[in-house]
Enquirer: 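Structure provided below as structure tokens; questions to follow.
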There are 2 protein chains.
Amino acid sequence: MDPRTLETLRAVGSQGGVTAAAAVLHLTPSAVSQQVAQLQHEVGVPLTERVGRGLRLTPAGEALAEAAVDVAVALERARAACDEFLERPQGVVRVSAFQSGAQLLLPALLSRVAAIDGITLECSDEDVAQDDFVALTDRMDVVVAHRPDDGPGWAGGRAVRVVPLLREPLDLAVPLDHPLAQRTEVRPDDLRDLPWVAVREGFPVATVLGAVGARSGSAPRIVHRINDFHVVEALVEAGHGVSLLPRYTFGGGARVRLVPLAGVRAGRRIDALLRRDRAERLVVRRVLDELRALAADIGSA
Amino acid sequence: MDPRTLETLRAVGSQGGVTAAAAVLHLTPSAVSQQVAQLQHEVGVPLTERVGRGLRLTPAGEALAEAAVDVAVALERARAACDEFLERPQGVVRVSAFQSGAQLLLPALLSRVAAIDGITLECSDEDVAQDDFVALTDRMDVVVAHRPDDGPGWAGGRAVRVVPLLREPLDLAVPLDHPLAQRTEVRPDDLRDLPWVAVREGFPVATVLGAVGARSGSAPRIVHRINDFHVVEALVEAGHGVSLLPRYTFGGGARVRLVPLAGVRAGRRIDALLRRDRAERLVVRRVLDELRALAADIGSA
DNA sequence: GGATCCATGCAGCAACGCTACATCGACCCG
DNA sequence: CGGGTCGATGTAGCGTTGCTGCATGGATCC
């Protein structure tokens, strides 16, 4: 019962299959399968059960996978205990963020961390569906994710730590020459019959537009579904519709006008997601501190 | 950084040397040395330092060893999590006890556990100095140990769990025809100038006689040092001196007379000592429950 | 100052876990 | 309803790891 094997089981559970787990662990499916089989033999209770052509964890498997994170946490804590005796934290930290979050946070984060000697940041942007953010924590140390203000929290339970970074309002984006462009705020009533550019179903903040529509009394008329906010911005600029855009990230530009919404709560929460064991690493904690400080700066500016 | 290596470091610390650690781990000193060297290389800080011809852990080593027990605990908890899904607990539990404790507790414990299917008890009696009880936990699952009533607790800190089992009074043991044999109790004053049979220096309850002597106003006159209470009993019976004997263990016999002490607190505490990781095992917990119930019976009888 | 004890380095060997490939079952689609 | 595909699982072979056995170098005890 070594932690590697336990971690493999955990990955099979969280990734939902042998092949997917093998991918994040940089192993062949065969190796993963063998590890699970060996673990199963060791404990004497079935840990997985076939469902269709894939498989999922049994209750016993879930229990063991949950215990596995505690093992991983204990191990990382052991490493950190030694790092305390090293004068400077050292190592590489992998950070991912959704695009607009990356644009908002990563440049400043890199600058801040560059000042700390010994820490290497590996950044990447990841555009995934709302439900897939947690799964990223298997490949990344810190996952910057966003979700609707009022939506449900993150799945993943005890295994993943959620660190709130920022709340960012979503404003109405209109062309510069739009009738609403000169307003200091708009109310739900003003939004009737506007042509909307929305994000794809299932993607973050997709539900916000629905909530706004509900307040205005009629379902919003969605004419385009675009995930990349820059493309959205270009479409809005060209008069192909209006949209909701995050204030801090797009408020500075001159291509479209952002008008605050009143009478309805529209915003997104930006959180950092980490696996509990990764959160124990000294360097990760250090980077996370910078990220939080950075977010606090933005939020209070 | 695997738990095996961590456990090895822990053993080096608790056993106080490579060779001793190798003994309890069933390895060669060479293997232990290599593991420590590898671990040291991995964390980049010195974990051990030479002292004389042996070695001890550095502060960093101590920190890592302490973290190692948390890893072990987490691992055992993972095992236990699976065992919950097995219908019956199963496995072997190694129990050791000092002689008189073994005599008092082990027969009844074996009977109780025999009624539970699947648990195998491996008992052994261990006569060690007071300070060496904790080190036994590396070889045993449950160590039944005793210490003076008022003495200091057990060393070992966070790594070892102490489960109080019983307080056993120590009575004055005199020959059947001794002047004090008919008394219902004796006071410290009555003990002046008696020839004492004591246990060897450094062994459990050695300090109790000193405390009694201090109350009587003069240092007790020790004529023999015997560790085995049965030998003590025989000496007392033959009139070669008086002694302190535990009430529950030797009260029933007709070879000597036990007279309670008044005016001075004399007794020993009987505790179960376990490593925290071992304490997580389901079977160990089960055996420990029986042991506690058994001790409660004796204490209340 | 010789004997002893302890930790450590090095060569050799066994075992373990991985990859690559083949197989089998379940789903999808024409 | 059958070919194609995807996913999990066995098997052979190989590389790596970690152990033992022995030799070495210090430090202590008598």
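Numbers restart at 1 for each chain; the letters A, B, ... are given by sequence-line order, proteins then strands.
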Enquirer: Rounded off to whole Å, could you give me the CG-to-P distance for the Leu27(A) and dC16(C) pair?
Expert: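 Nearest whole value for this atom pair: 19 Å.
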Enquirer: Just one of Leu288(B), Val113(B), Val92(B), Ile119(B) clears the side-chain contact (heavy atoms from CB on, under 4.5 Å) bar with Val283(B), so which one?
Expert: Ile119(B)
Enquirer: Find the distance Arg56(A):CZ to dA26(C):P and express it as a whole number of Å.
Expert: 16 Å
Enquirer: Are Ser96(A) and Glu126(A) close enough that a side-chain donor and a side-chain acceptor fall under 3.5 Å?
Expert: no
Enquirer: Given that Arg53(A) and Gln38(A) both sit by DNA chain C, which one's nearest nucleotide is further toward the 5' end?
Expert: Gln38(A)
Enquirer: What's the verdict on side-chain contact (heavy atoms from CB on, under 4.5 Å) for Asp271(A) and Phe133(A), showing C-alpha distance, side-chain angles and the deciding distance?
Expert: CA-CA 11 Å; Asp271(A) 296 326; Phe133(A) 273 118; over 6 Å; no
Enquirer: Indicate whether any N or O donor in one side chain lies under 3.5 Å from an N or O acceptor in the other, for Glu62(A) and Thr58(A).
Expert: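 No.
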Enquirer: Give me the atom names and distance for the closest heavy-atom approach of Val93(B) to Asp141(B).
Expert: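 Result for this residue pair: CA-OD2, 3.5 Å.
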Enquirer: Does the base of dA7(C) carry an N or O that pairs as donor and acceptor with the side chain of Ser30(B) under 3.5 Å?
Expert: no
Enquirer: To the nearest Å, give me how far apart CG (Asp2(A)) and P (dG17(C)) are.
Expert: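 Spelled out: CG on Asp2(A) to P on dG17(C) is 7 Å.
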Enquirer: Could you tell me from which nucleotide to which nucleotide of DNA chain D, 5' to 3', there is an atom under 4.0 Å from chain B heavy atoms?
Expert: dC19(D) to dT28(D)
Enquirer: Nearest whole angstrom, please: distance from the P of dC6(C) to the CD of Gln15(B).
Expert: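 So the two atoms are 13 Å apart, to the nearest Å.
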Enquirer: Quick one about Gln99(B) and Asp228(B) (side-chain donor to acceptor, distance below 3.5 Å, no hydrogens or angles considered), yes or no?
Expert: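 Their side chains do not contain a donor-acceptor pair, so the 3.5 Å distance test is not met.
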Enquirer: From NE2 of His41(A) over to C1' of dC16(C), roughly how many Å is that when rounded to an integer?
Expert: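 Atom NE2 in His41(A) sits about 15 Å away from atom C1' in dC16(C).
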Enquirer: Can you confirm whether the side chains of Arg268(A) and Ser100(A) place a donor and an acceptor under 3.5 Å from each other?
Expert: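 Note: Arg268(A) and Ser100(A) side chains meet the donor-acceptor criterion.
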Enquirer: Should Gln34(B) be listed as having a side-chain N or O under 4.0 Å from OP1 or OP2 of dA7(C)?
Expert: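 No.
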Enquirer: Once you round it to whole Å, what is the distance between C1' of dC16(C) and CD of Glu42(A)?
Expert: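 Nearest whole value for this atom pair: 13 Å.
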Enquirer: Let me know the distance between CZ of Arg50(A) and P of dG25(C), rounded to the nearest Å.
Expert: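 Rounding to the nearest Å, CZ of Arg50(A) and P of dG25(C) are 10 Å apart.
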Enquirer: Please classify the nucleic acid contact of Thr19(B) as base, sugar-phosphate, or nothing, using heavy-atom distances under 4.0 Å.
Expert: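 Sugar-phosphate, backbone atoms only, no base.
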